[in-house]
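Note sheet for the following structure.
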Amino acid sequence: MPKLTCDISQSLWDALQKAMDDSGEGIDHLVSRALADALQLDHGTLFQVSTAGALVEGLFGGVVSVGMLREHGDFGLGTFDGLDGEMIALDGHFFQIRSDGSIRRADDGQQVPFAVVTHFSPRETMVLEPFGSMAELTAQLDRKRGTDNLFFAVRLSGRFSSLHDRVASMAGAHETLVEATAHQAEFHMQDVDGTIVGFWTPSYVRGIGIPGWHLHVISDDRQRGGHVLDCAGQGITLALEPLDDFRLAMPETADFLAADLSGDTEKALDTAERGRGR
Ligand SMILES: [Zn+2]
């Protein structure tokens, strides 16, 4: 993360100290929020394109461009037109991870059917206890949240002793998410220096979001990555931000307008996104 050093007036400094005392917030967060306000950046806002229900039903046609997503966040995850791989956005760089294992910078003109992004401004950072599995990792993340009822963005960085991820491959015509992810690519890796970008979504957003933890990873050398199915690591640094504002951009495509989105997405998402019950 970049560090800001600058001179300010004594009166501004006094006012900042008072605001810190009054609110109990740290200086990093107060200054970041003030800057975001002044520069008219959304902050604490999750911006989502389309719904999990639409994805489950196989609505994989792109509806917004990467360039448009960039206006709403510098950090996030998603997929590309036709379910052509996994998206990860980190520090304003948007990457496309494809099922042949290759990674490229996404073009601003590329179309996206589903994504979640935010202007990431972590409230706190800490080093996690060692974890041997996704379940052990998410148990630690759960303890840091303090509530089930907000969204959270997390960044996890360091050396992962093992990583198991998947990369969606282009969906065939009329395939649902469960059918399309049945032919996904999976990768097992050891000792990877990398960063995980992820979100916690409350269960009450079922049908719109993907409830629970959803994590994508990219290696520091930008050679490997995907949607995380399992991982282990020690000395991993966690940065966490609660998000209390949610914006949903609904597609206006004929497919979206005509889709039946009334179904229960839970079982399909468990199979497609967590690899359970195949
Ligand atoms: Zn994913």
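Position 1 is the first residue of the sequence, and the numbers go up from there.
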Measure the spacing between [atom1] of [X] and [atom2] of [Y] and express it to the nearest 0.5 Å.
{"X": "Phe94", "Y": "Asp107", "atom1": "CZ", "atom2": "CG", "answer": "13.0 Å"}
{"X": "Gln140", "Y": "Leu156", "atom1": "CD", "atom2": "CG", "answer": "9.5 Å"}
{"X": "Ile208", "Y": "Met250", "atom1": "CD1", "atom2": "CE", "answer": "8.0 Å"}
{"X": "Asp14", "Y": "Lys18", "atom1": "CG", "atom2": "NZ", "answer": "11.0 Å"}
{"X": "His93", "Y": "Ile88", "atom1": "NE2", "atom2": "CD1", "answer": "12.5 Å"}
{"X": "Phe114", "Y": "Leu177", "atom1": "CZ", "atom2": "CG", "answer": "9.5 Å"}

Is the closest basic N to carboxylate O distance between [X] and [Y] below 4.0 Å?
{"X": "Arg143", "Y": "Glu129", "value": "no"}
{"X": "Asp74", "Y": "Arg70", "value": "no"}
{"X": "Arg155", "Y": "Glu241", "value": "no"}
{"X": "Asp264", "Y": "Lys267", "value": "no"}

[X] versus [Y]: any side-chain heavy-atom pair under 4.5 Å?
{"X": "Met87", "Y": "Phe95", "value": "no"}
{"X": "Phe80", "Y": "Gln111", "value": "no"}
{"X": "Arg166", "Y": "Glu86", "value": "yes"}
{"X": "Val127", "Y": "Leu238", "value": "no"}
{"X": "Pro242", "Y": "Phe151", "value": "no"}
{"X": "Asp245", "Y": "Leu46", "value": "no"}
{"X": "Val154", "Y": "Leu215", "value": "yes"}
{"X": "Leu69", "Y": "Phe47", "value": "yes"}

Locate the shortest heavy-atom distance separating [X] from [Y]; write the atom from each residue and the value.
{"X": "Asp230", "Y": "Met134", "result": "OD1-N, 2.7 Å"}
{"X": "Thr125", "Y": "Ala239", "result": "CG2-CB, 3.7 Å"}
{"X": "Leu269", "Y": "Pro211", "result": "CD1-CD, 4.2 Å"}
{"X": "Ser50", "Y": "Phe256", "result": "OG-CE1, 4.1 Å"}
{"X": "Ala106", "Y": "Val66", "result": "CB-CG2, 4.1 Å"}
{"X": "Ala168", "Y": "Ser99", "result": "O-CB, 3.8 Å"}

Practice task
For His188, look at atom NE2 and say whether over 12 heavy atoms of other residues, nucleotides or ligands are found less than 6.0 Å away.
Solution key: yes

Problem - Heavy-atom neighbours of Met126 CE exceed 12 at 6.0 Å - result: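 Correct, the count exceeds 12.
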
Handout entry: Ile103 and Gln96: CA distance, side-chain angles, deciding distance, side-chain contact (heavy atoms from CB on, under 4.5 Å) verdict
Key = CA-CA 6 Å; Ile103 300 185; Gln96 182 180 20; over 6 Å; no

Practice task
Any side-chain hydrogen bond (donor to acceptor under 3.5 Å, both in side chains) involving residues 190-202? Give me the pairs, sequence neighbours left out, ordered by first then second residue.
Solution key: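 The answer is Arg159-Asp193.
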
Problem - Summary of ring-ring contact (aromatic ring centres under 6.0 Å, His included) pairs that have at least one residue in residues 215-234, sequence neighbours excluded - result: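 Applying ring-ring contact (aromatic ring centres under 6.0 Å, His included) to every pair that reaches into residues 215-234, excluding sequence neighbours, yields His214-His216, His214-His227, His216-His227.
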
Practice task
Apply ring pair (Phe, Tyr, Trp, His ring centres under 6.0 Å) to Phe131 and list each qualifying residue two or more places apart in sequence or on a separate chain.
Solution key: none

Problem - Ring centroid separation Phe152 to Phe199 under 6.0 Å - result: no

Exercise for the section: Kindly work out whether a path of hydrophobic side-chain contacts (I/L/V/M/F/W/Y, heavy atoms less than 4.5 Å apart) joins Leu90 to Met189. Expected result: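 Linked within one cluster.
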
Handout entry: Exam field: side chain Thr147 to backbone Asn149, donor-acceptor pair closer than 3.5 Å
Key = yes

Problem - Donor-acceptor contact present, side-chain Thr265 to main-chain Gly53, <3.5 Å - result: no

Problem - Trace of the side-chain contact (heavy atoms from CB on, under 4.5 Å) decision for Val217 with Cys231 - result: CA-CA 10 Å; Val217 66; Cys231 63; over 6 Å; no

Problem - Residue pair Glu124, Lys144: steps toward the salt bridge (Lys or Arg N to Asp or Glu O under 4.0 Å) verdict - result: CA-CA 10 Å; Glu124 50 183 330; Lys144 309 295 182 196; over 6 Å; no

Exercise for the section: Just do the side-chain contact (heavy atoms from CB on, under 4.5 Å) check on Trp213 and Arg145 with the steps written out, would you? Expected result: CA-CA 11 Å; Trp213 291 102; Arg145 279 190 283 111; 3.6 Å; yes

Do [X] and [Y] meet the criterion of a side-chain donor-acceptor pair at a distance under 3.5 Å?
{"X": "Asp255", "Y": "Thr253", "value": "no"}
{"X": "Gln110", "Y": "Arg105", "value": "no"}
{"X": "Gln17", "Y": "Asp21", "value": "no"}

Handout entry: Test log, rule side-chain contact (heavy atoms from CB on, under 4.5 Å), inputs Asp84 and Arg98
Key = CA-CA 6 Å; Asp84 189 8; Arg98 303 181 91 169; 2.8 Å; yes

